[in-house]
Amino acid sequence: MAIFSLHHKPIGKTTQRRPHTASAHIRYITRPEAASRIEGERMPTKPAKAAGYLKQMEDGDRANARVVDKVRLALPAELTADERAQLVRGY
């Protein structure tokens with residue numbers, strides 16, 4: 001039986017104690033030993049460019065803005081890497 005889970009958490013100016021937490025987090029989660037595949041549609045996929053983009057968004061948005069949504073997925077091990085990526089893109 002295939003098992004999956006989803007965890008969603010907003011990261012915004014009011015949810016973090018320190019500024020630019022989202023950009024620091026993107027560098028952490030995109031390190032090679034943590035991410036086997038990085039895809040993006042509206043945000044750069046290179047860690048340094050993504051961090052810069054998030055800093056720019058945080059600096060420019062309103063005081064209570066949501067900067068990014070953090071979504072963590074655990075997908076079925078029975079699927080191949082390409083099938084898991086396709087499943088996420090389809091969602």
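- In terms of hydrophobic clustering, with Ile, Leu, Val, Met, Phe, Trp and Tyr side chains grouped at heavy-atom distances under 4.5 Å, Val71 and Ile38 are assigned to different clusters.
- Shortest non-hydrogen contact noted between Arg37 and Ala81 is NH1-O, 3.9 Å.
- Among all heavy-atom pairs drawn from Arg84 and Ala77, the shortest one is NH1-O, 4.0 Å.
- Distance check: His25 NE2 to Thr30 OG1 gives 9.5 Å after rounding to the nearest 0.5 Å.
- The two residues Pro44 and Ala50 come nearest to each other via the heavy atoms O-CB, 3.4 Å.
- The shortest heavy-atom contact between Arg27 and Pro47 is CG-O, 4.4 Å.
- When all heavy atoms are compared, the tightest approach of Leu6 to Leu73 is CD1-CD2, 3.1 Å.
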Exercise. Walk me through it: do Met43 and Ile26 pass the test side-chain contact (heavy atoms from CB on, under 4.5 Å)?
Key: CA-CA 11 Å; Met43 192 170 95; Ile26 200 77; 3.7 Å; yes
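- Contact detail for Ala22 and Val68: the closest heavy-atom pair is CB-CG1, 3.9 Å.
- Atom CD of Glu33 sits in a crowded spot, with more than 12 heavy atoms from other residues, nucleotides or ligands closer than 6.0 Å.
- The side-chain contact (heavy atoms from CB on, under 4.5 Å) check on Thr80 picks up Asp82, Glu83, with sequence neighbours excluded.
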